[in-house]
Protein chains: 2
Amino acid sequence: MTGSGNKRTRIQGINRGIILEAALDVFSAYGFRGSTIDQIAEKAGMSKPNLLYYFPRKEDIYVTVLENTLEDWLAPFRDIDPDGDPVEELKKYTILKLRMSANKPESSQLFANEILHGAPAIQDFLRNNLKRLVDEKANVISHWIEQGKIAPVDPHHLIFMIWATTQHYADFDVQVRAILPDQTEQADFFDHAADSILTILLNGIRPRDTVQPAQ
Amino acid sequence: MTGSGNKRTRIQGINRGIILEAALDVFSAYGFRGSTIDQIAEKAGMSKPNLLYYFPRKEDIYVTVLENTLEDWLAPFRDIDPDGDPVEELKKYTILKLRMSANKPESSQLFANEILHGAPAIQDFLRNNLKRLVDEKANVISHWIEQGKIAPVDPHHLIFMIWATTQHYADFDVQVRAILPDQTEQADFFDHAADSILTILLNGIRPRDTVQPAQ
DNA sequence: CAAAAACTTGACTGAATGGTCAAAATGTAG
DNA sequence: CTACATTTTGACCATTCAGTCAAGTTTTTG
């Protein structure tokens with residue numbers, strides 16, 4: 001959960017972890033500018049100078065949290081298996097992402113906030129690592145289409161659609177709760193959401209030999 | 001574009017408009033906390049005290065911009081016609097929403113940022129006005145389903161899916177551009193996006209009499 | 001257990017920023 | 001064109017907040 005970088009001593013390992021956990025909470029709730037070092041320090045249960053002993057600048061904390069988050073976020077995407085059954089793979093991925101939205105909305109929110117404000121800290125990452133990875137997976141989808149396993153749809157836009165839809169439940173959490181106050185209380189809310197989304201999505205990409213009805 | 005509230009004099013009308021336009025740009029780019037009154041004042045071409053003469057507090061500007069934005073944002077949703085053809089109505093709505101993402105991403109971004117940070121300024125609006133409206137439109141969709149005009153899908157989640165997908169192109173603009181640098185340059189990028197999304201979405205909700213294939 | 005290294009913190013500093021104020025400039029109505 | 005209302009702004013104030021520092025405390029190591 002914490003594990004980044006060079007933890008010289010025992011105490012460093014522990015405290016960096018505590019700080020990063022607190023920082024995720026605070027940054028995801030208030031954004032970079034909206035968060036204060038004091039807030040994070042208090043949540044981490046240490047003094048501000050102590051926190052700055054581990055991360056000399058506010059930005060250092062932020063970037064570290066963001067990097068850790070990115071990895072969590074991409075792992076299930078990396079795991080999409082080119083040799084698996086397309087429907088099964090996309091289904092698995094969608095459910096995993098949705099589960100992340102349910103269990104760790106903070107990660108998604110932190111990331112969303114970063115992108116929303118122009119991704120100042122991860123421009124390069126998006127343009128290089130992420131682009132490469134997405135292009136690669138888009139290729140996988142293209143193959144599936146060629147083999148007639150799913151309908152011909154633009155792979156990139158399909159990926160965007162899955163991202164958007166699944167992250168919506170984390171990023172727009174407040175709105176979802178406001179609109180469905182009772183259902184969001186229920187334990188099976190996310191299962192139901194998954195069902196609904198997958199029904200549309202999987203039927204949307206099911207191979208069709210008939211032409212779409214006019215209009 | 002500007003038009004809210006009580007503009008006593010000619011000058012007030014003009015200047016409030018200028019301020020709100022500048023404020024939308026600034027707030028959408030940097031968030032509430034990340035924006036400064038000086039920034040907005042400079043963009044609006046006037047001194048800070050002058051700006052504060054029209055909107056005594058930073059929050060007043062923010063709330064006003066947000067309210068104007070909300071109306072733009074909801075108008076096409078309100079216009080979904082219960083008596084229209086379902087596929088045609090949803091198609092129209094999706095395209096309108098996507099066009100808004102293309103033409104005025106700032107509005108969507110401002111709204112996304114507000115929700116992302118817990119919607120402190122519009123909790124009530126979400127819980128009352130928005131919930132009512134969404135429930136109403138969800139009912140319309142339910143009717144369409146009963147009449148067999150579209151497949152049985154959860155109306156609320158369908159709405160979320162359309163919102164999420166269309167707004168993604170505004171809110172995650174930087175990411176989309178990073179992944180599709182060439183295509184986003186092209187004039188027909190949004191048309192292509194609309195095609196891709198609608199292909200999946202409309203097939204996803206097309207009435208089916210055959211059972212979905214196993215798994 | 002003593003010395004060195006690592007860790008912790010109260011008190012402080014400087015810059016940024018939301019907001020005030022009184023006086024000047026401009027617009028408007030009779 | 002004069003009196004009044006509206007608009008504009010330079011200078012200023014108080015607060016918040018990132019980051020420093022020097023002096024203390026704890027942990028580790030030989």
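Lettering of chains follows the sequences in order, A, B, ..., and the numbering in each one begins at 1.
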So, is B:Tyr53 close to the D:dT9 phosphate, meaning a side-chain N or O under 4.0 Å from OP1 or OP2?
-> no
Give a yes/no answer on whether the side chain of A:Gln12 brings an N or O atom under 4.0 Å of OP1 or OP2 in C:dC7.
-> yes
Just to confirm, is there a sub-4.0 Å distance from OP1 or OP2 of C:dT8 to any side-chain nitrogen or oxygen of A:Asn15?
-> yes
Parallel, tilted or perpendicular: ring planes of A:Tyr93 versus A:Phe77, cut at 30 and 60 degrees | tilted
Indicate, with a heavy-atom threshold strictly under 4.0 Å, whether A:Phe55 touches base, sugar-phosphate, or nothing.
-> nothing
Name every donor-acceptor pair, under 3.5 Å, that has one atom in a side chain of residues 183-191 of chain B and the other anywhere in the protein, sequence neighbours excluded.
unit_1	atom_1	unit_2	atom_2	d
B:Thr184	OG1	B:Leu180	O	2.7
B:Thr184	OG1	B:Pro181	O	3.2

Under 30°, 30 to 60°, or over 60°: which ring-plane class applies to A:His157 and A:Phe160, parallel, tilted or perpendicular?
-> perpendicular
Is any side-chain heavy atom of B:Gln12 closer than 4.5 Å to a side-chain heavy atom of B:Tyr53?
-> yes
What one-letter contact string describes nucleotides 11-30 of chain D from 5' to 3', where B marks a base within less than 4.0 Å of any protein heavy atom, S marks contact via sugar-phosphate atoms alone, and - marks no contact?
-> ------SBBBB------S--
Please identify each residue that fulfils salt bridge (charged side-chain N to carboxylate O under 4.0 Å, His left out) with A:Glu89, with sequence neighbours left out.
-> A:Lys92
Provide, to the nearest angstrom, the distance between the CD1 atom belonging to B:Ile14 and the P atom belonging to D:dT6.
-> 16 Å
Which of parallel (below 30°), tilted (30 to 60°) and perpendicular (above 60°) describes B:Trp73 and B:Trp163?
-> tilted
Does D:dT7 have OP1 or OP2 sitting under 4.0 Å from an N or O in the side chain of B:Asn50?
-> no
